[in-house]
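Taking it in order: structure first as structure tokens, then the write-up.
Computed from a predicted model, the values in this text were never measured in an experiment. Below, read A as the first sequence line, B as the second, and so on, with proteins coming before strands; counting in each chain starts at 1.
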Amino acid sequence: MDLPFDLITELERVLGRSAAAAGLPEDFSPDLRPADPRFGDIQANGVLAAAKAARANPREWAARLVEVLRADPEVAGRYEVSVAGPGFINFALTPEALLGWLRGFGSEEELSRAAGDLYRGRTWVVDFASPNTAKQMHVGHLRSIVVGESLCRILAFCGAAVIRDNHLGDWGTPYGKLFYAYRRFLDPERLKADPLEELERLYRLADEKSKQDPEVMEEARRELVRLQSGDPESLKLWEEVNRLSIEALEEIYQALDVRFDHYLGESFYRDKVEPVCEELTRLGLAEESRGALVVFHPEHPRFATQPFIIRKSDGASNYATTDLATMVYRVENLKADGIVIVTDSRQSDHFEQLWLTTRKWFEKTGRPLPEFQHVVFGTILGEDGKAIKTRTGDPIKLKALLAEAVERARQVVREKNPELPADEVEAIAAAVGLGALKYADLSQNRTSDYTFSWDKLLSFDGNTAPYLLYAVTRIRSIFRKAGVDETALDVGAATPPETEAERALARKLANLAPVVRQTVTSLRPHVLCTYLYELSGVFSSFYNADRVMVEAPEVRARRLLLCQRTLLVLEAGLHLLGLKTLRRM
RNA sequence: GCACCCAUAGUUCAAUGGAUAGAACAACGGCCUCCGGAGCCGUCGAUCUGGGUUCGACUCCCGGUGGGUGCACCA
């Protein structure tokens, strides 16, 4: 029995024609969703609202609809259909249908091909990470990197052509100060040892000096002017700083298994901002205010008076200008149908103004309007409930955080599994430590702040990476022990799920599609995390209740199939989150 | 002052307007002739407050209270 990947989308079509046949209104919306397992696999709630609107009896409508549905070839044999409560319609997959679905998708490629119906043919630009050059990354950069990478993978899984863009802060006023100090106080040894550390030291030095000494401030300003006016020597230095910065950033990205297609930072747009101001002025969207060029949005409660400044009173552009130029570039050159920008929630005002402005601007100029999503996230809090800091009050360096994650994981692995060879311990420690760090971030609704706790994120209990990674290794262990190659399973030998634990597991697996759909449309990876955690739980219960390696060949075959598909979905899901999975740990 | 976000068990978190609000930690009690006990099963325990909309509200609307964030030339 061939079943579609996304059962709900399929069933929606069936309900469309069935509703008409049952005499329900033209515009009937079935309102399908995954059901509480107590009631079935899928539930339709739409009858309640529709009947209410028509002042009809919902139970009677539901009964009529069910009668038509039961006769439908795409329903009969696949679902047990029933009416419950005030007019809910419940669909429970038959064991044969569950088996059919399980057989259908046997690899990550097959899953992705099926999920690819969602965004196929569409191009999405994902703008994430976006640190400043000449500075070390700290904890504050972690969420954008982790969430952004995961969203890229999920969008690609769903068929989109994804362009990963790191919109570096690589231009602007800090360079004046940095160059001032670079020319006077550079320590070449330190630069060699840790470029970002040294560049950061130089910047801080200049920043302090400039606060005390107006002469220094003036010199820094001259440095900036030299750079911005294209002085070759300044540009050379700028390029050098950039090169060192990107190299250092990439070291960390590599450790985190994150990559970019472009590093189109602010500097890339510096010759593209003039037309922005011209166009917006010509179109009457921008106006002069207090010497600056700004955009107001009269229809908005706040942006009617809070300006979006696109040219400062000194004539220079700012990040509003470059961001507007960036919107154009992404639509016209990168052909983006969708744009995702991943930053913390403090920049919400800016991006709301950016989008309001872009919409009006693009409409007036006939440019295609992309889908725009500002993906915001909250702050990482320490256990004191305040933004996480070191004891001395400085931000925690990202490099140090990653190292600590790996070190802590290493200790646990050594303790739990002392006989593993050293190099494997390292690989496991990296996968577990960095995975735990990422997962802690992803598993929580990104819009809220989250409380950071090493104990919690490295725990083997609860919704954590170690628990999920463990579930993966345990399944692999079954295949190892049984001497069965999990990639070459005889799926034809399996019989439909029978025991309660088997059925629960099969149903959970078959619910993957709506979870992926919800994750990608809401751009919230925690939806996927919750599902994977629940799946692991259901698997563990199954594993505890039903022995896999039994004598009866058909029972064994179907349990091996369940194991293999669970392994597949778990690994595929963890990979979408940016985690590496393990064979043993 | 204006705007945005948040408020759910003792704690950390879930719950696209649907049926009895789910987990984990902590506490307590079970399961070791069993494929990895890093596990499984169970008990106890919560929607900040007052209105409203709805057949149905943790969810939507209005008013409070308590926290976070942002608001003219940094990004």
Report task. Please list, by residue number, the residues of residues 550-559 of chain A whose heavy atoms come closer than 4.0 Å to an atom of RNA chain B; answer none if no residue qualifies. Result -> none
Query raised in the report: Which ones in residues 339-351 of chain A lie close to RNA chain B, meaning a heavy atom under 4.0 Å from one of its atoms?
Result: Arg346(A), Asp349(A)
Query raised in the report: Which pairs count as salt bridge (charged side-chain N to carboxylate O under 4.0 Å, His left out) when at least one residue sits in residues 296-309 of chain A, sequence neighbours excluded?
Result: Glu299(A)-Lys360(A), Arg302(A)-Asp349(A)
**Report entry** Pairs touching residues 440-457 of chain A that satisfy salt bridge (charged side-chain N to carboxylate O under 4.0 Å, His left out), sequence neighbours left out
**Finding:** Arg143(A)-Asp441(A)
Report task. Between protein and nucleotides 33-40 of chain B, map the contacts as a letter string: B base, S sugar-phosphate only, - none, heavy atoms under 4.0 Å, written 5' to 3'. Result -> -SBBSBSS
Query raised in the report: Along nucleotides 5-16 of chain B, 5' to 3', which nucleotides get a B, which get an S, and which get a -, given that the test is a protein heavy-atom distance under 4.0 Å?
Result: -------SSSSB
Query raised in the report: Reckon Glu352(A) touches a base, only the sugar-phosphate, or nothing at all at heavy-atom distances under 4.0 Å?
Result: nothing
Requested in this report: Under 4.0 Å between any heavy atoms, over every strand shown, what does Thr521(A) touch: base, sugar-phosphate, or nothing? Just pick one.
Outcome: nothing
Requested in this report: Toss me the dot-bracket line for RNA chain B: Watson-Crick and G-U wobble, both under 3.5 Å, 5' to 3', using | for pairs to another strand and [ ] for crossers.
Outcome: (((((.(..((((....[...)))).(((((.......)))))....(((((..]....)))))).)))))....
Distances under 3.5 Å only, N/O to N/O: pair up the protein atoms with those of nucleotides 58-64 of chain B.
none

Query raised in the report: Closest nucleotide of RNA chain B for Asp36(A) versus for Ala316(A): which of these residues is on the 5' side?
Result: Asp36(A)
For [X], which residues count as a side-chain hydrogen bond (donor to acceptor under 3.5 Å, both in side chains) partner, sequence neighbours excluded?
X	answer
Thr379(A)	none
Tyr319(A)	His350(A)
Glu223(A)	Arg183(A), Arg226(A)

Query - Whole-Å C1' distance, U16(B) and G52(B) - result: 23 Å
Query raised in the report: Residues in side-chain contact (heavy atoms from CB on, under 4.5 Å) with Thr447(A), at least two apart?
Result: Val376(A), Asn445(A)
